[in-house]
Protein chains: 2
Amino acid sequence: MENKHATLTAAMEDYLKAIYELQATTGTTTTTALATALNISAASATNMIKKLAELKLARHSPYRGVELTTAGEKIALEVVRHHRLIELFLHQALGIPWDEVHVEAHKLEHVLSDNLENHIADFLGDPTKDPHGDPIPSKAGIIADRERESLADGAPGARVTIQRVGAQDPARLRYLRELGIVPQARVNIVAHAPFEGPVRVRTEDGAEHALDRGLARQIWVAEKSRPKTRVHAPRKMIKGSRQ
Amino acid sequence: MENKHATLTAAMEDYLKAIYELQATTGTTTTTALATALNISAASATNMIKKLAELKLARHSPYRGVELTTAGEKIALEVVRHHRLIELFLHQALGIPWDEVHVEAHKLEHVLSDNLENHIADFLGDPTKDPHGDPIPSKAGIIADRERESLADGAPGARVTIQRVGAQDPARLRYLRELGIVPQARVNIVAHAPFEGPVRVRTEDGAEHALDRGLARQIWVAEKSRPKTRVHAPRKMIKGSRQ
DNA sequence: GTTAGAATTTAGCCAAGACTAAATTTTGAA
DNA sequence: TTCAAAATTTAGTCTTGGCTAAATTCTAAC
């Protein structure tokens with residue numbers, strides 16, 4: 001009765017998650033964008049979109065795009081929850097660096113049982129953010145709003161707290177980690193070079209760095225230093241968990 | 001060049017593992033036994049056996065049975081290593097009880113990357129046994145010999161150390177845990193009832209229990225109290241890890 | 001308003017891995 | 001030794017989820 005989505009395949013879960021994320025970041029989901037995100041052909045995407053529509057998990061406007069239904073979004077959020085819980089668990093429990101957790105979590109997210117999910121969430125103390133600062137949806141499917149301001153938006157002179165790093169590329173993540181630009185770090189925005197030039201920031205250690213504007217746009221910040229929802233400490237620390 | 005088995009499907013890995021385990025426990029592997037173990041039809045088993053034979057991972061004697069080649073056994077041992085490392089990790093790191101780890105590990109074993117495998121083995125201190133006492137093959141594919149003596153074989157009066165519990169059924173595992181019959185526990189064999197009757201044993205707490213002969217045959221022991229290869233302590237303890 | 005090019009869908013194909021039913025081989029009891 | 005039952009294999013089918021090529025629809029530049 002309730003297990004209708006116990007029958008969803010890993011491929012379907014991947015599609016739902018991808019549609020959700022495209023919707024969340026770019027507003028709409030076109031067939032081509034979805035195909036690109038999943039690294040498949042557009043024809044394959046159309047095919048699956050029609051299946052998901054039949055299952056009432058998505059709405060398909062032919063030639064226009066896709067949208068998740070409430071049911072589809074619920075499942076997408078479950079997959080996102082799995083993914084981010086696993087990322088945080090691997091980071092906290094095994095000390096796996098933040099640039100490696102995504103690819104591991106992607107493989108594990110579809111085979112995480114409810115039982116194991118609960119054990120992990122419990123172990124981590126019901127965390128609300130993953131190592132990149134992305135919000136972890138609650139068991140009930142509630143997810144925190146996205147930040148509105150990026151490093152590229154902050155006014156020169158502003159003192160901000162890094163909230164979320166949207167970059168996925170491991171090399172860029174390692175670079176940012178190197179600079180100390182990770183969630184909860186404080187940085188000063190020094191200046192924005194003109195003509196879409198780099199953004200200069202000063203990190204806590206006093207060093208100044210110039211970040212590509214495109215990269216800066218993927219780094220989300222909060223102006224105030226009010227203690228926003230943060231990554232909870234795990235029940236017990238296991239290993240020195242550097243990023 | 002080396003990644004020829006990066007292309008193996010999860011189904012193939014399951015077959016190789018099942019053939020390996022049937023070979024190890026019962027000596028031979030028939031099509032029907034394999035099909036039963038994997039809960040599929042005999043026709044499906046034949047089909048896959050032929051595929052594995054083409055890949056030189058198994059030898060097929062039509063109507064007689066299957067056997068792994070050296071290459072096939074190597075892969076089977078890798079899968080077994082994954083499975084048992086995951087079982088131990090879930091048990092140690094998350095406190096998941098020993099009767100639940102098998103089903104979780106089965107889902108995770110096929111998506112464990114080399115990187116993650118190494119992190120886990122490192123975290124656990126390169127363990128040699130899983131929570132049931134089953135040996136964990138080394139990275140190189142070396143696996144400890146099986147015990148020769150079960151609780152059903154031990155002479156009355158013998159003082160033995162539990163080495164390995166072969167039962168898989170969660171209910172039975174919970175029962176044995178209840179009695180304190182877990183790897184490394186010491187028990188005295190009191191008597192064997194005639195006509196294949198129960199085996200009476202006394203556990204360390206002084207209580208006496210009667211075990212079904214079939215169950216006793218799945219509990220492997222060592223007579224001497226020499227410290228056999230044991231489950232290594234993890235690098236750091238995380239949670240009280242009860243069975 | 002046409003119309004070329006981009007985006008999308010349709011049509012048809014393929015491989016994996018399951019199934020059932022039918023054919024074949026092996027085995028063990030009489 | 002024979003032969004029926006059990007075990008195994010063969011033949012043919014199905015579903016999933018990819019693919020390419022061709023057809024269709026949308027869109028933006030003229």
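In this text, all values refer to a predicted model and were calculated from it rather than measured experimentally. Convention: sequence-line order gives letters A, B, ...; per-chain numbering from 1.
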Discussion item. Checking contacts here: which listed nucleotide (C:dC19, D:dG17, C:dT9) is nearest the side-chain heavy atoms of A:M12?
Written reply: D:dG17
Worksheet entry | Sugar-phosphate only, base, or nothing, as touched by A:A42 at under 4.0 Å among non-hydrogen atoms | base
Item to complete: Grab the CE-P distance between B:M48 and D:dT10 for me, whole Å please.
Response: 16 Å
Worksheet item: How is A:S41 classified with respect to the nucleic acid when contacts are heavy atoms under 4.0 Å: base, sugar-phosphate, or nothing?
Response: base
Practice prompt. Take atom NZ of B:K51 and atom P of C:dA18, then tell me their distance rounded to the nearest Å.
Written response: 8 Å
Discussion item. Using whole Å, what does the distance between atom C1' of nucleotide D:dG17 and atom NE2 of A:H110 come to?
Written reply: 14 Å
Fill in: Length of the line joining A:R64:CZ and D:dC26:P, which is rounded to integer Å
7 Å
Item to complete: Among the candidates C:dT10, D:dT24, C:dT20, find the nucleotide nearest to the side-chain atoms of B:A43.
Response: C:dT20
Worksheet item: Looking across every strand, which nucleic acid part, if any, lies under 4.0 Å from A:A45 by heavy atom: base, sugar-phosphate, or nothing?
Response: nothing
Worksheet item: Rounding to a whole Å, what distance do you find between A:L52:CG and D:dT16:P?
Response: 12 Å
Item to complete: Respond yes when some side-chain nitrogen or oxygen of A:T9 is under 4.0 Å from OP1 or OP2 of D:dG17, and no when none is.
Response: yes
Worksheet item: Is A:T29 reaching over with its side chain to a backbone N or O of A:L22, donor-acceptor style, under 3.5 angstrom?
Response: no
Worksheet item: What does A:S44 touch in the nucleic acid at a heavy-atom separation under 4.0 angstrom: a base, only the sugar-phosphate, or nothing?
Response: base
Worksheet item: Can you check the B:Y63 OH to D:dA7 P distance for me, whole Å?
Response: 14 Å
Item to complete: Round to the nearest Å and state the distance from B:N47 atom CG to C:dA21 atom P.
Response: 17 Å
Fill in: Atom-pair distance (NE2 on B:H60; C1' on D:dT10), nearest Å
12 Å
Discussion item. Over 60° means perpendicular and under 30° means parallel, so tell me whether B:W98 and B:H132 are parallel, tilted or perpendicular.
Written reply: parallel
Discussion item. Please determine whether a side-chain nitrogen of the Lys or Arg among A:K17 and A:E109 lies less than 4.0 Å from a carboxylate oxygen of the Asp or Glu.
Written reply: yes
Item to complete: Give the ring-plane orientation class for A:H110 versus A:H106, where under 30° counts as parallel, over 60° as perpendicular and anything between as tilted.
Response: perpendicular
